Number of protein chains: 2
Amino acid sequence: MPKGVVPKDAVTLRDVADAAGVHPGTASRALNDETKALVRPETIERVLAAAATLGYKPNLLARSFKTRRTNSVGIVIPDINNPLFPPMVRGVEDRLFEDGYVALLANTENDPDRQRRIFEGMVDRRIDGLVLATARRHDVGVAELSEMGIPIVLFNRVVDDGRVPSVSSDDATGVRMVVDHLRNLGHERIGHVAGPQSMSTGHARYSAFVSAMAETGAVVDPRDVVFAETFSIAEGERCAAALLARAERPSAIFAGNDMLALGCYSVVERAGLACPGDISIVGFNDMPFIDRVNPPLTTVRIPHYELGLLAAELLLGRLRNPEMPIEAVQLEPQLVVRGSTAPVHLRVGA
Amino acid sequence: MPKGVVPKDAVTLRDVADAAGVHPGTASRALNDETKALVRPETIERVLAAAATLGYKPNLLARSFKTRRTNSVGIVIPDINNPLFPPMVRGVEDRLFEDGYVALLANTENDPDRQRRIFEGMVDRRIDGLVLATARRHDVGVAELSEMGIPIVLFNRVVDDGRVPSVSSDDATGVRMVVDHLRNLGHERIGHVAGPQSMSTGHARYSAFVSAMAETGAVVDPRDVVFAETFSIAEGERCAAALLARAERPSAIFAGNDMLALGCYSVVERAGLACPGDISIVGFNDMPFIDRVNPPLTTVRIPHYELGLLAAELLLGRLRNPEMPIEAVQLEPQLVVRGSTAPVHLRVGA
DNA sequence: CTGAAAGCGCTTACAG
DNA sequence: CTGAAAGCGCTTACAG
């Protein structure tokens with residue numbers, strides 16, 4: 001490591017000021033959009049010309065050190081390998097990029113300790129704000145950040161106490177569409193592979209499932225609901241296996257998201273069952289590439305990219321005006337009927 | 001925007017020094033692993049204790065401004081929505097995180113202008129180095145960065161002049177495995193949907209295809225090769241359609257990557273052809289979730305995560321020692337035979 | 001081993 | 001409208 005060497009910037013503000021024959025303070029004001037109103041037009045021109053000929057580029061580190069703004073924001077997600085997140089992350093990044101911000105990305109793996117270390121690294125680097133998809137319903141990390149006054153926007157998942165701005169999908173509506181669809185097809189007993197109840201998505205979809213079923217006059221046998229520990233294929237397999245192991249299995253399974261649905265697919269296939277011939281399966285999220293699986297999965301589409309875009313928009317708003325009221329935006333989902341569901345009267349043996 | 005307000009850090013090095021009864025310079029040395037050897041053990045202890053009770057956290061911006069090291073690196077990719085990249089990005093991030101680095105992520109969309117703006121934003125923020133998956137075979141942006149002395153490591157794609165460190169897959173070997181597989185199955189004429197020739201991946205696979213075919217005694221009709229503009233499903237469709245439009249179509253298509261192969265799938269299906277019944281298709285990359293498509297795609301697996309890991313490792317090495325010789329690592333690929341290829345004698349009408 | 005001082009490159013009240 | 005000065009919070013030759 002080169003030590004003791006602090007190479008100076010090729011050309012600094014002082015060089016520009018000298019070349020333009022003004023004081024560095026004046027050069028600074030001339031170069032800054034917010035203060036250039038304070039300086040005479042001819043002076044501005046002279047400074048700009050000097051800056052251009054010298055190829056001056058401000059040292060952003062010096063500026064940030066002074067102003068405490070870095071024009072960088074952190075994006076924290078569980079795992080970019082989950083296909084749900086790339087489009088959301090793109091949404092956030094694209095909006096940030098538009099405003100000259102840069103994005104730090106990190107994956108928590110839903111590990112609170114890792115999340116804490118990630119938060120620390122970002123806060124220590126003085127990110128201006130944070131966009132988070134990792135919130136648990138009760139999240140001490142998020143609470144701490146809030147108390148520190150770090151601007152935050154949650155996306156996809158939300159916290160239980162509604163004191164943090166967020167952008168998510170209207171899961172209650174989405175689930176109701178699923179239940180109505182299945183019920184209209186004639187399904188009486190619908191099983192549910194529920195997501196983790198420590199997360200708003202898992203919990204909201206589960207409770208919406210119970211209410212929606214009740215609304216259609218169906219009662220949910222508690223044994224027809226199995227709770228996954230994580231939103232993963234492996235957990236989907238475990239839960240689906242439990243459901244299929246019952247003496248009389250439900251004629252349909254609503255999975256808490258597409259990853260869990262993929263797990264259901266594997267188990268159903270391994271059990272030698274046909275889908276939707278023997279059992280119908282529905283997912284949630286309409287994540288990228290899920291439209292390529294076989295049989296085509298009926299699921300609920302949520303606007304991934306827009307969700308990210310909006311989350312960034314909200315954060316940018318708070319950065320401009322910290323006093324902005326707390327918003328919890330919910331985006332409308334849409335049922336996408338594909339091949340994994342069928343009327344029960346078409347079922348083999350039904 | 002709160003103006004004119006420069007809130008001071010809660011507790012600074014000066015506070016710690018005061019509490020410990022030492023000079024700030026001494027406190028700095030005591031707190032820094034590289035200089036603590038210069039200070040007396042009791043003093044270190046006193047400083048550490050003071051820092052702990054005060055809850056001191058160094059201002060990383062101030063430190064970076066002084067030392068010109070930010071412990072941050074940029075990851076630049078074409079598009080995180082391409083399933084190939086999430087695992088690679090994870091590999092890079094995980095390795096960086098281990099060493100206390102933070103990652104800035106950006107997507108170029110293969111747009112040189114956007115790439116330039118991204119580079120500028122990162123360089124201006126004084127990232128310590130850059131890991132790039134967006135290189136073209138002749139890339140002025142990459143060349144500029146190199147000349148500026150910014151430590152770079154390329155991954156997935158490489159540049160033609162081998163003067164930039166890189167980690168990629170051994171495409172020549174991978175392609176040879178594909179060709180041998182297909183030839184052993186009895187295929188005489190194999191078409192190729194080639195990737196963009198401006199990128200090393202597209203070009204290397206295309207030329208390896210031609211050589212490997214020759215090695216097996218087959219000659220490639222130039223009309224059996226169609227060049228895609230991008231590695232996308234849409235381009236795969238366009239190229240496959242061109243191939244199928246020929247009076248006598250080849251019995252197999254080797255696609256430059258899995259995205260292109262997916263495009264081939266669509267066209268074949270739309271044409272009412274069966275795969276592998278009527279035509280065999282092979283992809284490249286074995287990208288995540290490609291194992292879920294139907295029919296199962298034969299492809300070449302490259303170690304995505306390890307590739308990212310190694311790229312980060314190489315960069316970290318260069319950060320420690322800028323004089324490190326330039327390495328171009330190639331990782332071994334592996335043929336994954338699934339259902340999209342079949343012996344020609346089993347074909348309908350063959 | 002430690003102190004005193006300089007300085008990294010900006011921005012911004014404060015005067016004029 | 002502009003200059004002069006202070007200062008953001010560190011690190012690091014330079015003395016002692």
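First the proteins, then the strands, lettered A, B, ... as listed; each starts at 1. Being a predicted model, the structure only gives us computed values, none of them experimental.
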Chemist: Rounded to whole Å, how long is the line connecting atom CD of A/Glu42 with atom P of D/dC1?
Modeler: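 Roughly 9 Å, once rounded to whole Å.
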
Chemist: In this structure, how many angstroms lie between the P atom of C/dT11 and the CG atom of B/Leu61, rounded?
Modeler: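 Answer to the nearest Å: 13 Å.
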
Chemist: Can you confirm whether the side chains of A/Asp139 and A/Gln115 place a donor and an acceptor under 3.5 Å from each other?
Modeler: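 Their side chains do contain a donor-acceptor pair, which is all the 3.5 Å distance test asks for.
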
Chemist: Think B/Arg68 has a side-chain N or O under 4.0 angstrom from the OP1 or OP2 of D/dT11?
Modeler: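 For B/Arg68, the contact criterion (side-chain N or O under 4.0 Å from OP1 or OP2 of D/dT11) is not met.
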
Chemist: Quick check against the 3.5 Å criterion: does B/Ser64 have a side-chain atom that pairs as donor or acceptor with the backbone of B/Arg69?
Modeler: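 Present.
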
Chemist: Can you tell me how far C1' of C/dT12 sits from NZ of A/Lys36, to the nearest Å?
Modeler: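 Roughly 18 Å, once rounded to whole Å.
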
Chemist: Look at the side chain of A/Ala62 and decide which nucleotide, out of D/dC10, C/dT12, C/dG9, has an atom nearest to it.
Modeler: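 For A/Ala62, the side-chain atoms sit closest to C/dG9.
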
Chemist: Side-chain N or O of A/Thr67 less than 4.0 angstrom from OP1 or OP2 on C/dT11?
Modeler: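 Indeed not, no polar side-chain atom of A/Thr67 lies that close.
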
Chemist: Over how many whole Å does the gap from B/Leu13 atom CG to C/dG7 atom C1' extend?
Modeler: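 B/Leu13 atom CG is separated from C/dG7 atom C1' by 16 Å.
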
Chemist: Going by the angle between their ring planes, with limits at 30° and 60°, are B/Phe85 and B/Phe155 parallel, tilted or perpendicular?
Modeler: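 Geometry flag for B/Phe155 against B/Phe85: perpendicular rings.
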
Chemist: If each of B/Val11 and A/Val39 is mapped to the nucleotide of DNA chain D with the nearest heavy atom, which maps nearer the 5' terminus, i.e. the 5' end?
Modeler: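 Of the two residues, A/Val39 wins.
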
Chemist: Using the C1' atom in both, what is the distance from C/dG16 to C/dT12, to the nearest Å?
Modeler: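 Looking at atom C1' only, C/dG16 and C/dT12 are 16 Å apart.
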
Chemist: Could you state the atom-to-atom distance from CG of B/Leu31 to C1' of C/dT2 in whole Å?
Modeler: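 Answer to the nearest Å: 16 Å.
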
Chemist: Rounded to the nearest Å, what distance is computed from the NZ atom of residue B/Lys66 to the P atom of nucleotide C/dA5?
Modeler: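 Going from B/Lys66 (NZ) to C/dA5 (P), I get 16 Å.
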
Chemist: Taking the side chain of A/Asn59 as heavy atoms from C-beta outward, which of C/dC1, D/dC1, C/dC10 is closest to it?
Modeler: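 Closest nucleotide to the A/Asn59 side chain: C/dC10.
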
Chemist: Output yes when at least one side-chain N/O atom of A/Ser28 is less than 4.0 Å from OP1 or OP2 of C/dT11, else no.
Modeler: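 For C/dT11, OP1 or OP2 has a side-chain N or O of A/Ser28 closer than 4.0 Å.
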
Chemist: From the set D/dG3, D/dT12, C/dC10, return the single nucleotide nearest to any side-chain atom of A/Arg29.
Modeler: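 Per side-chain heavy atoms of A/Arg29, the pick is D/dG3.
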
Chemist: Give the nucleotide from the list C/dT2, D/dT2, D/dC1 with an atom nearest to the side chain of A/Pro41.
Modeler: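 Nearest nucleotide to the side chain: D/dC1.
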
Chemist: Check the geometry between A/Phe65 and C/dC10 and answer yes if their rings are stacked (centres below 5.5 Å, planes below 30°), otherwise no.
Modeler: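 No, A/Phe65 does not stack on the base of C/dC10, since the centre distance and plane angle fail the 5.5 Å and 30° test.
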
Chemist: Between B/Arg163 and B/Ser146 (side chain of the first, backbone of the second, donor and acceptor by atom type, cut-off under 3.5 Å), is there such a pair?
Modeler: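 No: the side chain of B/Arg163 does not pair with the backbone of B/Ser146.
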
Chemist: Want to know the stems of DNA chain C: at least 3 consecutive Watson-Crick or G-U pairs with distances under 3.5 Å, which are they?
Modeler: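 Listed by first number, the stems are C:1-3 with D:14-16, C:5-12 with D:5-12, C:14-16 with D:1-3.
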
Chemist: From C/dT2, D/dG9, C/dA5, pick the nucleotide closest to the side chain of B/His23?
Modeler: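 The answer is C/dA5, which lies nearest to the side chain.
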
Chemist: Return the 5'-most residue of the pair B/Leu38, A/Thr26 with respect to DNA chain C, ranking by each residue's nearest nucleotide.
Modeler: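 Its nearest nucleotide being more 5', the pick is B/Leu38.
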
Chemist: Without swapping roles, check the side chain of A/Ser168 against the backbone of A/Asn156 for a donor-acceptor pair under 3.5 Å.
Modeler: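 Checked: no pair found.
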
Chemist: Would B/Arg116 and B/Asp113 count as a salt bridge (Lys or Arg N to Asp or Glu O under 4.0 Å) here? Give the steps.
Modeler: CA-CA 5 Å; B/Arg116 181 110 32 151; B/Asp113 182 59; 5.9 Å; no

Chemist: Kindly say whether A/Arg68 contributes a backbone atom to a donor-acceptor pair with the side chain of A/Arg126 at under 3.5 angstrom?
Modeler: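 No: the side chain of A/Arg126 does not pair with the backbone of A/Arg68.
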
Chemist: Could you walk me through whether A/Glu109 and B/Arg90 pass the salt bridge (Lys or Arg N to Asp or Glu O under 4.0 Å) test, one step at a time?
Modeler: CA-CA 11 Å; A/Glu109 305 250 277; B/Arg90 273 302 304 258; 3.0 Å; yes

Chemist: Give one of base, sugar-phosphate or nothing for B/Thr43, where a contact means two heavy atoms less than 4.0 Å apart.
Modeler: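 The residue B/Thr43 makes sugar-phosphate contact but no base contact.
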
Chemist: What is the separation between atom NZ on B/Lys57 and atom P on D/dC10, rounded to the nearest whole Å?
Modeler: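 One finds 12 Å between P of D/dC10 and NZ of B/Lys57, rounded.
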
Chemist: C/dG9 phosphate, OP1 or OP2: any side-chain N/O from A/Arg63 under 4.0 angstrom?
Modeler: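 So the side chain of A/Arg63 is outside the cut-off, no N or O lying under 4.0 Å from OP1 or OP2 of C/dG9.
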
Chemist: How long is the line joining CZ of A/Arg14 and P of D/dA5, in whole Å?
Modeler: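 In whole Å, D/dA5 P and A/Arg14 CZ are 12 Å from each other.
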
